[in-house]
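Worksheet: one structure, shown below.
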Number of protein chains: 2
Amino acid sequence: MSGTAQRLLDLAEDHIRNAGYNGFSFRDLASEIGIKNASVHHHFPTKAGLAAAVARRYTDRFLTFVADQADSGERDVVSIYRSAFREAFARDGRMCLGGVLGAETGGLPIEVAEEIRDFFHRLTDDLSKRIGGRGSKKQALRVLATLEGAMLMARATGDISTFDQATAALV
Amino acid sequence: MSGTAQRLLDLAEDHIRNAGYNGFSFRDLASEIGIKNASVHHHFPTKAGLAAAVARRYTDRFLTFVADQADSGERDVVSIYRSAFREAFARDGRMCLGGVLGAETGGLPIEVAEEIRDFFHRLTDDLSKRIGGRGSKKQALRVLATLEGAMLMARATGDISTFDQATAALV
DNA sequence: GTCTATAATTTGATAGAC
DNA sequence: GTCTATCAAATTATAGAC
């Protein structure tokens, strides 16, 4: 994967988290990176393919982060998930990519919708296994729902304290 | 407000809940209602104005539903909110309008973003007052976040049991 | 209130030169 | 890997007739 392709993934991720799948164009990416629209198509022939690649990378990176934190000695897995969501919002004030695309699922190309479905399935499985015991799946779903919803509300109100208050009872 | 305008609000609400603000066009609405694109502009001069009207009506209707349920004798306000969200999803399999637009806030015209911010502020205030007591605001935020996130995940995975499991502990 | 017609712009995508 | 040039289609929006 070339450096330009990496930068395109980064930019596309940023745009999707800000305004959704239909909230940016190839020309936006091209102008921000200093190339032309046609050159973007050289790296990613279709917009759907680009978005699917962004989603896959996002999921992989998220789960790698969780695994690294767990290996680093942090034992409370819910705290790991909570800080992963919170730091992403605090850094750039944007939504979770999975949350944005999940919300507009009905308008997505099928290959993108499938990646988002996988995002939630993989996170649910991972968190459930790390929690362990009876009812761990239900608990994982509740934690993920609260984190996604809290992020969404913080985004909509522009107030990170919304996230902190909504998720305080999780840890 | 004419019958055509009402139908346009209904259709626009449906499209937004399915695919977001940029997921439909005036021509979509026109063709589904059996008129021409220009006639839509007669009722709603701009797309931003239409979406803002949809959001305002959605918020008003939601809070009216909650008040009616409370007046009808249902005492558990969290159950009222939970069933309001659940029935909306079960009926047509779509997201909460506030949730969809909240997620893509960064790409919205300012007048629409303001209506969505109001949606969350008004629901938080209403639920907080109905819960009452110390920590009721924090509790209201947690409940709303869980419901929105659970709906988002049910939408992304296409599985309503995701909503049920994620929100089971609320009631 | 609806229509035809059209403007002005943007979009996703392709062909072919360098 | 990037470019110029371009296409075909879609978009939001307006003017003016009926």
Side-chain angles (χ1 to χ4, degrees), chain A residues 1-55 100-101 104-116, chain B residues 1-55 100-101 104-116:
Chain A
M1 167 105 33
S2 75
T4 302
Q6 298 269 9
R7 291 180 66 193
L8 286 169
L9 288 173
D10 292 342
L11 274 175
E13 179 177 321
D14 195 57
H15 277 283
I16 292 171
R17 290 179 58 207
N18 185 51
Y21 180 79
N22 293 307
F24 74 104
S25 72
F26 269 32
R27 274 180 176 76
D28 293 330
L29 306 183
S31 78
E32 287 161 16
I33 218 174
I35 60 179
K36 297 298 178 183
N37 155 56
S39 300
V40 179
H41 283 278
H42 170 77
H43 297 279
F44 297 97
T46 66
K47 190 182 182 182
L50 168 61
V54 167
V100 176
L101 294 180
E104 52 187 19
T105 285
L108 297 181
I110 187 166
E111 61 189 297
V112 183
E114 285 173 353
E115 288 295 339
I116 296 307
Chain B
M1 166 107 31
S2 76
T4 301
Q6 297 271 8
R7 292 180 64 194
L8 286 170
L9 288 173
D10 292 341
L11 275 174
E13 180 177 318
D14 196 56
H15 277 283
I16 292 171
R17 289 180 56 208
N18 185 51
Y21 180 79
N22 293 307
F24 75 104
S25 72
F26 269 32
R27 274 181 174 76
D28 293 329
L29 305 184
S31 76
E32 287 160 16
I33 217 173
I35 59 178
K36 298 298 179 184
N37 156 56
S39 300
V40 179
H41 282 277
H42 170 76
H43 298 279
F44 297 97
T46 67
K47 189 181 182 182
L50 167 60
V54 167
V100 177
L101 294 180
E104 52 188 17
T105 285
L108 297 180
I110 187 166
E111 61 189 297
V112 183
E114 285 174 351
E115 289 294 341
I116 296 306

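Side chains are part of it too, since the values below use all heavy atoms of this structure and drop only hydrogens, waters and symmetry mates. Lettering of chains follows the sequences in order, A, B, ..., and the numbering in each one begins at 1. Just so we're clear, the structure is a prediction, and the values are computed from it rather than from any experiment.
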Q) Would you say B:S25 reaches D:dT11's phosphate, i.e. side-chain N/O to OP1/OP2 under 4.0 Å? A) yes

Q) Parallel, tilted or perpendicular: which fits the ring planes of B:H41 and B:F26, with parallel below 30° and perpendicular above 60°? A) tilted

Q) Checking all strands, does A:F24 fall into the base, sugar-phosphate, or nothing category for heavy-atom contacts under 4.0 angstrom? A) sugar-phosphate

Q | Interatomic distance where NE2 belongs to B:H15 and P belongs to D:dA10 [whole Å] | A | 15 Å

Q) Rounded to whole angstrom units, what separation is found between the CD1 atom of A:I33 and the C1' atom of D:dC3? A) 15 Å

Q.
Below the 4.0 Å mark, does C:dC3 have OP1 or OP2 next to a side-chain nitrogen or oxygen of B:K36?
A. no

Q. Do any side-chain nitrogens or oxygens of B:H42 fall under 4.0 Å of OP1 or OP2 in C:dT2?
A. no

(Q) Under 4.0 Å from OP1 or OP2 of C:dG12: is there any side-chain N or O of A:T46 that close? (A) no

Q.
Among C:dT14, C:dC3, D:dT14, which nucleotide has an atom closest to any side-chain atom of B:I35?
A. C:dC3

Q.
Just the rounded figure in Å: distance from P of D:dT12 to CG of B:L108.
A. 14 Å

**Q.** Rounded distance (Å) that lies between atom C1' of C:dT11 and atom CG of B:N22
**A.** 12 Å

**Q.** Separation of B:I116 CD1 from B:Y21 OH (nearest 0.5 Å)
**A.** 11.5 Å

**Q.** Touch class at under 4.0 angstrom, heavy-atom based, for B:S39 against every strand present
**A.** base

Q) In whole Å, what is the span from the CG atom of B:N37 to the P atom of D:dA10? A) 13 Å

Q. Which sits closer to the 5' end of DNA chain C, A:D28 or A:A38, going by the nucleotide each is nearest to?
A. A:D28

(Q) Tell me the interatomic distance from B:F44, atom CZ, to D:dT12, atom P, rounded to whole angstroms. (A) 15 Å

Q. Are OP1 or OP2 of C:dT2 and a side-chain N or O of B:T4 less than 4.0 angstrom apart?
A. yes

Q. Would you say a side-chain N or O of B:H43 is under 4.0 Å from OP1 or OP2 of C:dT2?
A. yes

Q: Let me know the distance between CZ of A:R27 and C1' of D:dA9, rounded to the nearest Å.
A: 13 Å

Q: Look up atom CD in A:E32 and atom CG in A:D10, then write down how far apart they are to the nearest 0.5 Å.
A: 12.0 Å

Q | Rounded distance in Å - CG (B:L29) to P (C:dT2) | A | 13 Å

**Q.** Interatomic spacing from CG in B:D14 to CG in B:D28 - rounded to 0.5 Å
**A.** 11.5 Å

Q. If you round to the nearest 0.5 Å, how far is CD of A:E111 from CD of A:E115?
A. 8.5 Å

